[in-house]
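What follows is a short report on a single structure.
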Amino acid sequence: IPELNTHKWYQVLESIKFRLLQMYSKPKHWQSAYPALVATLCASPHDVFSQQWFGLLVSGLQPRLKDRTTRATALIGLSRLVWTYLFRTQDSSANTTKVLNDLVRLVFVPGRRSFISADREFVEPLLHLIRIIGWKHRNFTFKNIIFPLMQADLFSSNRELRVIDLETDKIVVGIRAFLAVINDLEIGEPPPFPLHFESQSSVEVFGFATTPVSLRTPRDTPSRSTPTDDRLSQPIALTGFDNTSTEAYMRFCRILGSITNFCDNNFGGQATLDNQLTTTPKTPIADAFSFARRGIDEPLSQIDIRNGLR
């Protein structure tokens, strides 16, 4: 956007940023100052943004990501910064790869120390962040983010898996992220700038529109913010996909099949039945599953009352 690179606009933003930095240094103001600083920096001239965004607002973000009370705000701000970095600025391939690797280490912490959860307030900005990276750097996203989240190497190994070996929240996020990235590729439109998330109205400090809107094209609609469940349950059309996306899709299907088999073996109908047969029922089976018609005036027993028979 040429208007963002004028000297007058730069002076206005610098005066605003000076005040915000004073607030940002105080923990009690972080929830308000961080989104405001992100917005100011995203609207700054390209060279100013490129010089300041990572060192000022990203490098020290991990404590905020670990804290549940600030995690959503941190992820939303990070998704906006990354969108601006990848879609508005130009950087060398080597430096971009370094930045993305640093982001992966920051957000997608490996092992049990990870703070990734399946809570909606955290998943929505996290998925949008993955979509943003996935649109610009597809192979990197599949290899370094999505498949590690799905524990692809674990399911591809020949070792016997146990329930305790799985990080289920990560797997759920990985599956949803893959489908979201593929959905963008099918539609052929990049993810919009993340102005707002439906689950985040309580942490937003500005009165943004209720749906993400692209800063570059008016064609984006509310349905482009996050793919709907109906859309994600439909078959994927591979026509027009490049080799990287097609190979990633085939690998995704194999991993998903392994996950399904694992769940069936451990939580399928036979496993549930075996568990029931080895547990002494608290309610006598004869009473709990009686289909005999009861007389209108016949009093209810204590067993009937516990089972909700009125």
Side-chain angles (χ1 to χ4, degrees), residues 1-6 9-10 13 17 34-59 61 73-104 106-108 124-146 177-178 180-197 200 204 206 208-209 211-227 242 244-245:
I1 304 176
E3 292 79 3
L4 299 182
N5 290 309
T6 63
W9 180 242
Y10 169 78
L13 291 178
K17 188 165 60 177
Y34 182 74
L37 264 176
V38 168
T40 302
L41 207 54
C42 288
S44 296
H46 298 172
D47 57 337
V48 175
F49 176 87
S50 299
Q51 293 170 10
Q52 299 181 8
W53 79 279
F54 199 91
L56 181 62
L57 298 180
V58 177
S59 59
L61 205 57
T73 302
L75 286 172
I76 291 173
L78 188 60
S79 66
R80 292 168 180 165
L81 290 168
V82 173
W83 188 95
T84 304
Y85 171 68
L86 292 178
F87 286 94
R88 278 191 55 218
T89 66
Q90 298 291 330
D91 205 352
S92 66
S93 177
N95 197 49
T96 300
T97 301
K98 179 181 181 301
V99 169
L100 294 179
N101 280 323
D102 289 340
L103 287 173
V104 169
L106 174 70
V107 180
F108 305 98
E124 284 191 40
L126 188 62
L127 290 179
H128 206 82
L129 175 63
I130 298 173
R131 290 172 61 196
I132 292 166
I133 301 173
W135 180 263
K136 285 288 189 176
H137 301 275
R138 206 163 305 148
N139 186 54
F140 178 93
T141 303
F142 291 142
K143 180 180 178 181
N144 297 283
I145 299 177
I146 292 179
F178 181 87
V181 170
I182 290 296
N183 181 68
D184 288 335
L185 297 180
E186 284 184 291
I187 296 174
E189 295 181 5
F193 182 86
L195 287 181
H196 181 86
F197 296 93
Q200 302 299 334
E204 289 289 88
F206 301 114
F208 289 141
T211 54
V213 180
S214 173
L215 297 182
R216 295 166 294 109
T217 170
R219 291 184 300 167
D220 286 316
T221 62
S223 62
R224 292 286 298 119
S225 59
T226 302
D242 56 18
T244 297
S245 302

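Residues take their numbers from the sequence shown, with the count starting at 1. Reckoned from all heavy atoms, side chains included, excluding hydrogens, waters and symmetry mates.
Tested against L103, the residues L81, V82, L61 include a single side-chain contact (heavy atoms from CB on, under 4.5 Å) partner, V82. Tested against R131, the residues T141, N183, D184 include a single side chain to side chain donor-acceptor pair (under 3.5 Å) partner, D184.
In this structure, Y34 contributes its side chain and L57 its backbone to a donor-acceptor pair below 3.5 Å. Looking only at distances, no side-chain donor or acceptor of W83 sits under 3.5 Å from a matching main-chain atom of H128. No side-chain donor-acceptor contact under 3.5 Å links R138 to the backbone of V181. Panel note: side chain S79, backbone I76; a donor-acceptor pair is recorded below 3.5 Å. Panel note: side chain R80, backbone F193; no donor-acceptor pair is recorded below 3.5 Å.
The nearest pair of heavy atoms linking L13 to A43 is CD1-O, 3.3 Å. Of all the heavy atoms in S245 and L185, the pair that sits closest is OG-CD1, 3.5 Å. Of all the heavy atoms in H137 and L86, the pair that sits closest is NE2-CD2, 3.9 Å. Nearest heavy-atom pair across E124 and F197 is OE1-CB, 3.5 Å.
To the nearest 0.5 Å, atom CG of residue L129 and atom CD1 of residue I145 are 7.0 Å apart. Within the model, atoms CG of L126 and CG of L75 stand 6.0 Å from one another, a figure rounded to the nearest 0.5 Å. Taken to the nearest 0.5 Å, the CZ atom of F49 stands 10.5 Å off from the CG atom of L56. To the nearest 0.5 Å, atom CG of residue N144 and atom CG of residue L100 are 9.0 Å apart. Taken from NZ in K98 to OG in S92, the straight-line distance is 10.5 Å, to the nearest 0.5 Å.
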(request) For V58 and Y85, run side chain to side chain contact (heavy atoms under 4.5 Å, CB included): C-alpha distance rounded to whole Å, both residues' side-chain angles, the deciding distance at 0.1 Å, then the answer. (result) CA-CA 12 Å; V58 177; Y85 171 68; over 6 Å; no

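Side-chain contact between F54 and D102 is present, with at least one heavy-atom pair separated by less than 4.5 Å. The shortest side-chain heavy-atom distance between F108 and I130 falls under the 4.5 Å cut-off.
The aromatic rings of F142 and F178 sit tilted, their planes meeting at an angle between 30° and 60°.
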